[in-house]
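To keep things clear, I will list the structure first and then write my remarks on it.
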Amino acid sequence: MNKNDPGFFEQVFEVVKRIPNGRVTTYGAIARYLGSPGSSRMVGWAMNQSHFSHEYIPAHRVVNRKGVLSGKHHFDGPDMMAELLANEGIEVENDQVIDFDRYYWDPIKELGL
DNA sequence: ACGTTGACCTATA
DNA sequence: GTATAGGCCAACG
């Protein structure tokens with residue numbers, strides 16, 4: 001219960017910060033990596049707090065299972081998320097990642113358990 | 001301590 | 001294939 005107490009948020013931040021450039025992952029994948037496959041929604045909440053975090057959290061690299069930029073509206077601008085992804089070479093159209101399967105980065109598969 | 005919320009996911013119709 | 005409903009768990013007010 002010290003100040004280093006790693007809550008769900010901290011764990012999510014650690015994983016999100018580990019996402020390579022030009023790659024994207026899903027909330028469920030992160031939740032599953034943390035051992036809570038049903039806490040996919042909590043990951044989204046953690047992203048919400050990411051704006052308050054002093055660390056850089058590439059939340060734009062986190063999308064839903066369909067590859068849709070579900071949280072684009074939470075960014076500074078309406079299309080800020082798409083711009084950031086496009087800046088990393090990820091093709092985004094109609095608020096959806098093209099070839100999402102190609103850019104998909106699974107923490108469990110990459111980082112392992 | 002309780003009720004609501006939330007950037008989701010899966011299942012069923 | 002699209003639409004709707006339910007579940008899920010942790011943080012917030």
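The chains referred to below are lettered A, B, ... by the order of the sequence lines, with proteins before strands, and numbering in each begins at 1. No experiment lies behind these values; they were computed from the predicted model shown.
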Legend entry - Value in whole Å for how far the C1' atom of dC9(B) lies from OH of Tyr27(A): 13 Å
Inset, instruction - Quick one: label His60(A) by what it contacts on the DNA or RNA (base, sugar-phosphate, nothing), any heavy atom closer than 4.0 Å. - result: nothing
Inset, instruction - Determine the contact category for Asn48(A): base if any of its heavy atoms lies under 4.0 Å from a base atom, sugar-phosphate if only primed atoms, P, OP1 or OP2 are that close, otherwise nothing. - result: base
Legend entry - Arg41(A) CZ to dT10(B) P, straight-line distance once rounded to whole Å: 13 Å
Legend entry - Heavy-atom neighbours of Lys17(A) NZ exceed 12 at 6.0 Å: yes
Inset, instruction - At the 4.0 Å heavy-atom cut-off to chain A, mark where contacts on DNA chain C begin and end, going 5' to 3'. - result: dG7(C) to dA11(C)
Legend entry - Cation-pi geometry met for Arg61(A) and Tyr56(A) (6.0 Å, 45°): no
Inset, instruction - Say whether Tyr103(A) and Val68(A) are linked into one hydrophobic cluster, either directly or through other cluster members, by side-chain heavy-atom distances under 4.5 angstrom. - result: no
Legend entry - Mutual orientation of the aromatic rings belonging to Phe9(A) and Phe13(A) [parallel < 30°, tilted 30-60°, perpendicular > 60°]: perpendicular
Inset, instruction - Calculate the interatomic distance between Trp45(A) atom CH2 and dC8(B) atom P; express it in whole Å. - result: 13 Å
Inset, instruction - Quick one: label Ala59(A) by what it contacts on the DNA or RNA (base, sugar-phosphate, nothing), any heavy atom closer than 4.0 Å. - result: base
Legend entry - Ser70(A), nearest nucleotide to its side chain (from dC9(B), dA7(B), dT5(B)): dA7(B)
Inset, instruction - Strictly below 4.0 Å, heavy-atom distances to any atom of DNA chain B: list the hits from residues 91-103 of chain A, or just say none. - result: none
Inset, instruction - Using atom CZ of Arg65(A) as one end and atom P of dC9(B) as the other, report the distance to the nearest whole Å. - result: 8 Å
Legend entry - CG/Asn21(A): more than 12 non-hydrogen atoms of other groups inside 6.0 Å: yes
Legend entry - Atom pair distance, as rounded to whole Å: CG in Asp76(A) and P in dA7(B): 17 Å
Inset, instruction - Report the distance from atom NZ of Lys66(A) to atom P of dC8(B), rounded to the nearest whole Å. - result: 9 Å
Legend entry - side-chain N/O Thr26(A) vs dC8(B) OP1/OP2, d < 4.0 Å: no
Inset, instruction - Take the protein atom CD of Gln49(A) and the nucleotide atom P of dA7(B), then report the distance between them rounded to whole Å. - result: 12 Å
Legend entry - Salt bridge present between Lys72(A) and Glu83(A) (N-O < 4.0 angstrom): no
Inset, instruction - Under 4.0 Å between any heavy atoms, over every strand shown, what does Ser36(A) touch: base, sugar-phosphate, or nothing? Just pick one. - result: nothing
Legend entry - Heavy atoms from other residues, nucleotides or ligands near NE2 of His73(A) exceed 12 (cutoff 6.0 Å): no
Legend entry - Atom CG of Asp101(A): over 12 foreign heavy atoms under 6.0 Å: no
Legend entry - Glu110(A) and Arg23(A) ion-paired at < 4.0 Å: no
